[in-house]
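Residues: numbered from 1 along the sequence shown.
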Amino acid sequence: MISKRPFIATLLLAACTLSGPSYGAAPVQQIQAALAKPAVMCGRFDQTKQLSGIKKPLQSHGRFCVLKDRGILWQTLQPFPNTLRITRESIVQMQDGRVAMKLDAQQEPVVKMINSVLFSLLAGDLSQLDSLFELDGTLRDGHWQVALKARQPALAKAIGDISLEGSAYVEKVLMKEAGGDRTEISFSAIKTGDAAITAQEGAMFD
């Protein structure tokens, strides 16, 4: 079965297109107008997961790519290679270049819900986000923080509470689950444009 944590983390990658609006003060229309919308964006992620009752955190890192019209790649490089490909229709786990598992958005209600939020972000349409999350944020000296709390129990169960922070792009994501687990993801080395993605990565969508 596909692990929920890296899968859910890809939902947040779309937020890397945000351009530092003040969520708490601005209506959705103003936030939407402030969104940056690169057609291609890639970078590095570092993830630390602290499981309740376990002292040593689980750490991983890898690379992500967001293709506005095609989907997202979330490639874990360490400690174990693993790739997730997300499109509007499905979430696919790939290992050694082969499909290991596939979740169909039409058959999985939570997958459909999260994919809908993901692609709303990619399209710069925050109406879906505003309807599913309570947003509370601040903006100071070009740096912003925002907390997202799911309105629907099914989505809250799937992702818990989320907080984001950054400036031109999202720099850090913190997810807190009801059971006490915490996941922190930081993004760096972000590049945009066609040169940001490799030919091999692009071929994963063919």
Side-chain angles (χ1 to χ4, degrees), residues 1-32 34-35 37 45 47-53 57-58 60 64 66 71-72 74 84-93 103-139 144-166 169-187:
M1 183 177 180
I2 293 177
S3 172
K4 284 187 177 182
R5 185 52 52 196
F7 146 51
I8 292 168
T10 57
L11 165 66
L12 303 170
L13 292 179
C16 292
T17 60
L18 299 180
S19 184
S22 176
Y23 283 79
V28 170
Q29 292 81 359
Q30 292 181 15
I31 297 170
Q32 184 165 309
L35 290 173
K37 303 177 182 67
F45 72 84
Q47 179 174 298
T48 300
K49 181 170 183 177
Q50 184 66 62
L51 299 174
S52 179
L58 305 176
S60 62
F64 70 91
V66 178
I72 284 179
W74 182 265
L84 291 179
R85 182 187 69 199
I86 294 185
T87 65
R88 190 176 293 276
E89 295 79 24
S90 64
I91 297 173
V92 176
Q93 184 180 43
L103 293 178
D104 191 319
Q106 297 303 316
Q107 298 176 0
E108 300 283 346
V110 173
V111 172
K112 184 177 181 179
M113 184 185 300
I114 293 179
N115 275 17
S116 178
V117 174
L118 169 62
F119 282 92
S120 293
L121 282 166
L122 289 173
D125 180 8
L126 293 184
S127 59
Q128 180 75 15
L129 183 68
D130 188 55
S131 65
L132 292 178
F133 293 92
E134 295 178 7
L135 300 157
D136 183 22
T138 59
L139 173 64
W144 54 266
Q145 296 179 318
V146 61
L148 288 76
K149 187 172 183 177
R151 299 180 187 273
Q152 300 185 16
L155 191 58
K157 183 178 180 180
I159 65 178
D161 292 335
I162 302 169
S163 61
L164 312 173
E165 64 178 80
Y169 298 100
V170 169
E171 297 167 358
K172 185 180 295 184
V173 175
L174 177 62
M175 292 178 280
K176 299 179 181 179
E177 298 182 49
D181 293 352
R182 293 164 54 94
T183 300
E184 183 175 306
I185 307 168
S186 61
F187 303 105

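- To the nearest 0.5 Å, atoms NZ (Lys49) and OG1 (Thr183) are separated by 5.0 Å.
- Ring geometry for Phe45 against Trp74 counts as parallel: the plane angle stays under 30°, on a 0 to 90° scale with 60° as the upper cut.
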- Message: As a quick check of understanding, evaluate side-chain contact (heavy atoms from CB on, under 4.5 Å) for Lys176 and Leu174, giving each step before the final call.
- Response: CA-CA 7 Å; Lys176 299 179 181 179; Leu174 177 62; 3.6 Å; yes

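- In this structure, Arg182 CZ and Met175 CE are separated by 11.5 Å, a value rounded to the nearest 0.5 Å.
- The structure places CG of Asp181 at 8.5 Å from CD of Gln50, a figure rounded to the nearest 0.5 Å.
- The heavy-atom pair separating Ser52 from Gly180 by the smallest distance is CB-C, 4.1 Å.
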